[in-house]
A.B. asks: 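To start, I am sharing the structure in question, which I have written as structure tokens.
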Amino acid sequence: RATIGVTPGKGPETARRIGLETHTHQPAQPCHRDRHRGEIGQEGSASCTTVARMRKIVTGVLGALMALTAASCGSSGTTAKKTTTTKAPSTARVGTLKGKTAAEILKAATAAATKAGSAHYVLSAVEGTSSQTISGDSSMTDGQQTVEQGAQHIQVVYVGGVAYVQGNASGLTSAMGFPATVATNYANKWIAVHSTDSLFKSIVSAVTLTGTLAQLNPTGALTVTAPTTVAGRQAVGVKGGLPGNPQQGVTGSTTLFIAATDPTVPLEFSGTATQGTQHVADKGTFTDWGKPLKLTAPTGSVPFSSVPTK
């Protein structure tokens, strides 16, 4: 939910997505788009898409995914349950992180990730027989991300101060809120979103490194897991509540696994979320820390401001 801000009052300030995030529990419904408010949502349906969670592309994780797909709409009217504990903060027992509390470990992970400057990630969310995969590369200034969910496909490249979005018809309808006819006409074409466009900040936050990392941090009462091995490196996990602000009617937990020795970067993410009868499981991996991105702007793009709303 590497999730991911979202529609006002309906989710955490991710953008965080990990990009554009779409519920998987219902087929996509026609969406409405408000360019002035920068919102995207499906009308009259429990299934909705929110920009800035492209944990979660235009998010989407990444999104987040990071806030978990089931948390995207969160409109049941009930209050989210919060986990509380009276236990003292646990500390890491190994490596460079030895003796650090969960909060200190998250701070160390953010510092190490920021110093590395870039990473590759793959995030997935599964609900029943439906799944969503978000993959990408992000740095502090550039990024690219691809979201696949069933027949829906959309990708974003942010380079040179412009965010370029491309998707098939179903992807544009679900993720960008385009009417069916408009989505068909602009399918597989690059659409340039500029700094003056309403979606720009959400997209940029979703696909750059700072926003991606923000979608991963557990919240609430934090604990440190026992040492484990992730991708051949000794690691510890920080476990807590779902990233972002509490969602109405949504419960769940998140664990971020962090390398125990320098560089103490995030290595893996896992989480679960439940809303009523819906249950979503998320998992993510992070590799290629510090590898420079070599992104180029797509050619032949059309301005987002020129795309008709009807």
Side-chain angles (χ1 to χ4, degrees), residues 1-4 12-14 16-18 55-56 61-68 81-125 138-140 209-246 251-273 281-291:
R1 334 206 284 13
T3 39
I4 92 341
E13 298 260 336
T14 58
R16 251 169 59 99
R17 132 165 268 178
I18 339 268
R55 113 74 51 325
K56 219 2 125 347
V61 251
L62 211 228
L65 246 153
M66 299 319 88
L68 290 182
K81 297 179 180 179
K82 295 183 179 180
T83 301
T84 58
T85 179
T86 56
K87 296 176 63 177
S90 57
T91 58
R93 302 195 299 249
V94 295
T96 307
L97 299 177
K98 185 175 181 180
K100 292 186 181 295
T101 65
E104 290 171 335
I105 293 171
L106 292 180
K107 184 176 181 179
T110 299
T114 301
K115 183 177 180 179
S118 63
H120 174 74
Y121 58 86
V122 178
L123 308 168
S124 64
S138 61
S139 73
M140 306 305 289
L209 187 59
T210 300
T212 299
L213 294 174
Q215 301 177 67
L216 304 176
N217 284 344
T219 59
L222 303 176
T223 58
V224 179
T225 69
T228 186
T229 300
V230 176
R233 295 192 63 182
Q234 189 175 46
V236 295
V238 174
K239 184 176 182 179
L242 300 177
N245 298 321
T251 59
S253 63
T254 297
T255 304
L256 181 63
F257 292 93
I258 298 157
T261 57
D262 292 333
T264 55
V265 292
L267 300 175
E268 189 173 279
F269 165 91
S270 65
T272 60
D282 280 2
K283 186 173 182 179
T285 58
F286 300 86
T287 58
D288 294 339
W289 284 101
K291 184 176 180 179

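Counting from 1, the numbers follow the sequence of the chain as shown.
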A.B. asks: Could you tell me whether a side-chain N or O of S118 sits under 3.5 Å from a main-chain N or O of K291, the two making a donor and an acceptor?
C.D. replies: yes

A.B. asks: So, for A235 and L267, which heavy atoms are closest and what is the spacing to 0.1 Å?
C.D. replies: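 For A235 and L267, the tightest heavy-atom pair comes out as CB-CD1, 4.1 Å.
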
A.B. asks: Between the side chain of S270 and the main-chain N/O of K283, is any donor-acceptor distance below 3.5 Å?
C.D. replies: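 No; zero donor-acceptor contacts below 3.5 Å.
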
A.B. asks: For the residue pair A92 and I105, what are the closest heavy atoms and their distance?
C.D. replies: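 Smallest interatomic distance, heavy atoms only, reads CB-CD1, 3.8 Å.
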
A.B. asks: Would you check if L216 and P243 make a side-chain contact, meaning some heavy-atom pair closer than 4.5 Å?
C.D. replies: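 No; the side chains remain at least 4.5 Å from each other.
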
A.B. asks: Enter the distance from T225:OG1 to I258:CD1 here, rounded to the nearest 0.5 Å.
C.D. replies: 9.0 Å

A.B. asks: Please name the pair of heavy atoms, one in L97 and one in A108, separated by the smallest distance, quoted to 0.1 Å.
C.D. replies: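 Nearest pair, atom of L97 first, then A108: CD2-CB, 4.1 Å.
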
A.B. asks: Quick check: do L222 and L106 have side-chain heavy atoms less than 4.5 Å from each other?
C.D. replies: yes

A.B. asks: Would you indicate whether the side-chain heavy atoms of Y121 and T212 approach each other to under 4.5 Å?
C.D. replies: yes

A.B. asks: Quick one: do N217 and L256 satisfy side-chain contact (heavy atoms from CB on, under 4.5 Å)? Show the steps, please.
C.D. replies: CA-CA 7 Å; N217 284 344; L256 181 63; 3.7 Å; yes

A.B. asks: Roughly how far apart are T264 OG1 and K115 NZ, rounded to 0.5 Å?
C.D. replies: 10.0 Å

A.B. asks: Would you compute the distance between atom CG of L213 and atom OG1 of T114 and round it to the nearest 0.5 angstrom?
C.D. replies: 6.5 Å

A.B. asks: Without swapping roles, check the side chain of W289 against the backbone of P266 for a donor-acceptor pair under 3.5 Å.
C.D. replies: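 Checked: pair present.
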
A.B. asks: Do side-chain atoms of T254 reach the backbone of P218 as a donor and acceptor pair under 3.5 angstrom?
C.D. replies: no

A.B. asks: Measuring from atom CZ of F257 to atom NZ of K239, what distance do you get when rounded to the nearest 0.5 angstrom?
C.D. replies: 9.0 Å

A.B. asks: Judged by atom type as modelled, is there a donor-acceptor pair below 3.5 Å linking the side chain of R233 to the main-chain atoms of T261?
C.D. replies: yes

